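Working notes, structure below.
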Amino acid sequence: MNSAVQDARPSWDEYFMTLANQVATRTTCLRRGVGAVIVKDRRILATGYNGVPSGLAHCAETGCLRQQLGVPSGQRHEICRGLHAEQNAIIQAARFGTDIDGASIYVNTQPCVVCAKMIINAGIKEIVYQNPYPDELAMQLLKESGILMREFRPQD
């Protein structure tokens, strides 16, 4: 392989984060598009994006309850029709019998506390995130769990 081709190839982090951002384009959330890709041994195991459960009306049809109530970002996650990208990726793996113990998750937004707890119990060992999210409890729990957290920074 010539050096020009090698230089043009994305790193594994760039590749998987690009995929997480592409997965996020499927969101049905009106406030934030989030995508997640669960990876082990450089193989994609599951993906997820934030949105309502399968078969239910999307928020574009019903409106955003959190927005209507003026709920700030990072608070009152239970007041939402949708699931987060990380939740949907973990559920997809469970539904299809895919072992994600020891895997990494690439997500374009740092996990909230609900997702952090699910990631811990799913046995995921590394989180690579692109955008910060205001959830101190999530960060405390993830630090205590020993899960490796890395902020993705694209190569210049």
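Residues take their numbers from the sequence shown, with the count starting at 1. Predicted model only: the values in this text are computed from it and were never measured.
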Heavy-atom closest contact ([X] atom, [Y] atom, distance):
| X | Y | result |
| --- | --- | --- |
| Ala89 | Ala36 | CB-CB, 4.3 Å |
| Val23 | Gly48 | CG1-O, 3.2 Å |
| Ala24 | Asn108 | CB-ND2, 3.6 Å |
| Asp135 | Gln110 | O-NE2, 4.4 Å |
| Cys59 | Val52 | SG-CG1, 3.9 Å |
| Tyr129 | Met17 | C-CE, 3.9 Å |

Which distance, rounded to the nearest 0.5 Å, do you find between the [atom1] of [X] and the [atom2] of [Y]?
| X | Y | atom1 | atom2 | result |
| --- | --- | --- | --- | --- |
| Ile119 | Ile124 | CD1 | CD1 | 5.5 Å |
| Ser145 | Lys125 | OG | NZ | 8.0 Å |
| Ser54 | Asn88 | OG | CG | 7.5 Å |
| Leu83 | Met118 | CG | CE | 8.0 Å |
| Tyr106 | Thr18 | OH | OG1 | 11.0 Å |
| Thr109 | Tyr133 | OG1 | OH | 8.5 Å |

Is there a path from [X] to [Y] through hydrophobic residues (I, L, V, M, F, W, Y) whose side chains come within less than 4.5 Å of each other?
| X | Y | answer |
| --- | --- | --- |
| Val128 | Ile44 | yes |
| Ile105 | Leu141 | yes |
| Val113 | Ile127 | yes |
| Val107 | Leu137 | yes |

For atom [atom1] of [X], is the number of surrounding heavy atoms from other residues, nucleotides or ligands below 6.0 Å larger than 12?
| X | atom1 | result |
| --- | --- | --- |
| Arg26 | CZ | no |
| Asp101 | CG | yes |
| Gln68 | CD | yes |
| Arg76 | CZ | no |

Min side-chain heavy-atom separation [X]-[Y] under 4.5 Å:
| X | Y | value |
| --- | --- | --- |
| Gln87 | Val114 | yes |
| Thr47 | Leu19 | no |
| Asn21 | Gln130 | yes |

Treating [X] as the side-chain partner and [Y] as the backbone partner, does any N or O pair qualify as donor plus acceptor under 3.5 Å?
| X | Y | result |
| --- | --- | --- |
| Thr27 | Val34 | no |
| Asn50 | Arg32 | yes |
| Arg81 | Ala57 | yes |

For a side-chain contact (heavy atoms from CB on, under 4.5 Å) check, start with the C-alpha distance between Asp99 and Lys40, then their side-chain angles and the critical distance, and finish with the verdict.
CA-CA 9 Å; Asp99 179 12; Lys40 190 172 186 179; 4.3 Å; yes
Checking side-chain contact (heavy atoms from CB on, under 4.5 Å) for the pair Tyr49/Thr25: CA distance, chi angles, key distance, verdict?
CA-CA 8 Å; Tyr49 54 88; Thr25 66; over 6 Å; no
Just do the side-chain contact (heavy atoms from CB on, under 4.5 Å) check on Ile90 and Ile38 with the steps written out, would you?
CA-CA 8 Å; Ile90 291 168; Ile38 299 176; 4.1 Å; yes
Set of residues satisfying salt bridge (charged side-chain N to carboxylate O under 4.0 Å, His left out) with respect to Glu61, sequence neighbours excluded
none
Go through the steps for Ile147 and Ile120 under the test side-chain contact (heavy atoms from CB on, under 4.5 Å), then give the verdict.
CA-CA 8 Å; Ile147 291 176; Ile120 293 165; 3.7 Å; yes
Students often mix this up, so state it plainly: with edges at 30° and 60°, are the rings of Tyr15 and Trp12 parallel, tilted or perpendicular?
perpendicular
So if I apply the side-chain contact (heavy atoms from CB on, under 4.5 Å) rule between Cys112 and each of His77, Lys117, Glu86, which one comes out positive?
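Output: one option passes, namely His77.
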